[in-house]
Amino acid sequence: MENLYEPSNEFTSNEGHRVHLHTDPKNGDVYLECTSRLALRELALSLLAEADSGHGWAEYFPLSSDGKSLVVNGARFTDGSSRLFVSYPKTFEETGR
């Protein structure tokens, strides 16, 4: 089953909606800094759609072209962001619950 999520027009057309993901090397804390609530919402919706699709993993990463940040898998990360890797069981039955 494909990830059927498609980001909103406002999000895709406005590069100002971005996420910056980084870790603190001293303690390993992960920081998710969003420039807008819409940026956070679009990432959350993308993750929810991924959970429903059953692929078993997803990767989110910064990508730019001609100096503009691009949307990848429903999210737009700033240059210099850490990559986000998500893994999970492909089916609910695999969780043992």
Side-chain angles (χ1 to χ4, degrees):
M1 180 185 250
E2 290 296 312
N3 183 336
L4 301 176
Y5 178 70
E6 186 172 323
S8 68
N9 288 336
E10 168 59 24
F11 179 73
T12 57
S13 65
N14 186 340
E15 190 188 352
H17 301 292
R18 295 178 291 176
V19 175
H20 182 72
L21 177 67
H22 63 96
T23 59
D24 184 329
K26 294 179 184 174
N27 60 23
D29 290 349
V30 177
Y31 294 90
L32 188 64
E33 299 173 359
C34 303
T35 60
S36 66
R37 289 176 58 184
L38 182 59
L40 176 60
R41 181 181 187 276
E42 295 292 346
L43 175 59
L45 290 172
S46 176
L47 287 166
L48 286 170
E50 181 62 37
D52 285 341
S53 73
H55 291 151
W57 69 276
E59 179 181 5
Y60 297 84
F61 53 91
L63 181 66
S64 61
S65 177
D66 297 325
K68 294 187 177 193
S69 297
L70 303 177
V71 176
V72 175
N73 294 335
R76 180 186 289 117
F77 285 87
T78 61
D79 285 339
S81 285
S82 298
R83 293 185 296 172
L84 174 62
F85 297 95
V86 180
S87 63
Y88 55 91
K90 289 184 181 180
T91 66
F92 288 109
E93 291 77 27
E94 292 179 40
T95 63
R97 296 183 200 178

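Quick caveat, the model's predicted, so the values are computed rather than measured. Count residues from 1 along the sequence. We use all heavy atoms of the structure for the numbers below, so side chains are in, but hydrogens, waters and symmetry mates are not.
The hydrophobic clustering, which links ILVMFWY residues whose side-chain heavy atoms are closer than 4.5 Å, places Phe61 and Leu70 together. Placement of Val71 and Phe77 in two distinct hydrophobic clusters is found when ILVMFWY residues are connected by side-chain heavy-atom separations under 4.5 Å, directly or transitively. No path of Ile, Leu, Val, Met, Phe, Trp and Tyr side chains, each step under 4.5 Å between heavy atoms, connects Leu38 with Leu45, placing them in separate hydrophobic clusters. Residues Val30 and Tyr60 share a hydrophobic cluster, clusters being chains of Ile/Leu/Val/Met/Phe/Trp/Tyr side chains in contact below 4.5 Å.
Listed here is the closest heavy atom pair of Val19 and Ser81: O-OG, 3.4 Å. Nearest heavy-atom pair across Pro7 and Gly74 is CG-CA, 3.7 Å.
Using a distance-only test at 3.5 Å, with no hydrogens or angles considered, a donor-acceptor pair links the side chain of Tyr88 to the main chain of Gly56. Using a distance-only test at 3.5 Å, with no hydrogens or angles considered, no donor-acceptor pair links the side chain of Asp79 to the main chain of Ser69. Thr35 contributes a side-chain N or O that, together with a main-chain N or O of Arg18, makes up a donor-acceptor pair within less than 3.5 Å. With Ser46 contributing its side chain and Asn73 its backbone, the two residues share a donor-acceptor pair below 3.5 Å.
The OG1 atom of Thr12 sits 9.5 Å away from atom NE2 of His17, with the distance rounded to the nearest 0.5 Å. Summarising the geometry, atom OG1 belonging to Thr23 is positioned 10.0 Å from atom OH belonging to Tyr31; distances are rounded to the nearest 0.5 Å. Note: Leu48 CG to Ser53 OG = 11.0 Å, rounded to the nearest 0.5 Å.
Using a 4.5 Å cut-off on side-chain heavy atoms (C-beta onward), Arg41 and Phe11 make no contact. A heavy-atom distance below 4.5 Å is found between the side chains of Leu32 and Leu43.
Electrostatic pairing of Arg76 and Glu15 does not count as a salt bridge here, judged by no charged N lying under 4.0 Å from a carboxylate O.
Applying the 6.0 Å contact sphere to CG of Asn27 captures more than 12 heavy atoms from other residues, nucleotides or ligands. No more than 12 heavy atoms of other residues, nucleotides or ligands lie within 6.0 Å of CG in Asn9, so this atom counts as exposed by the packing criterion.
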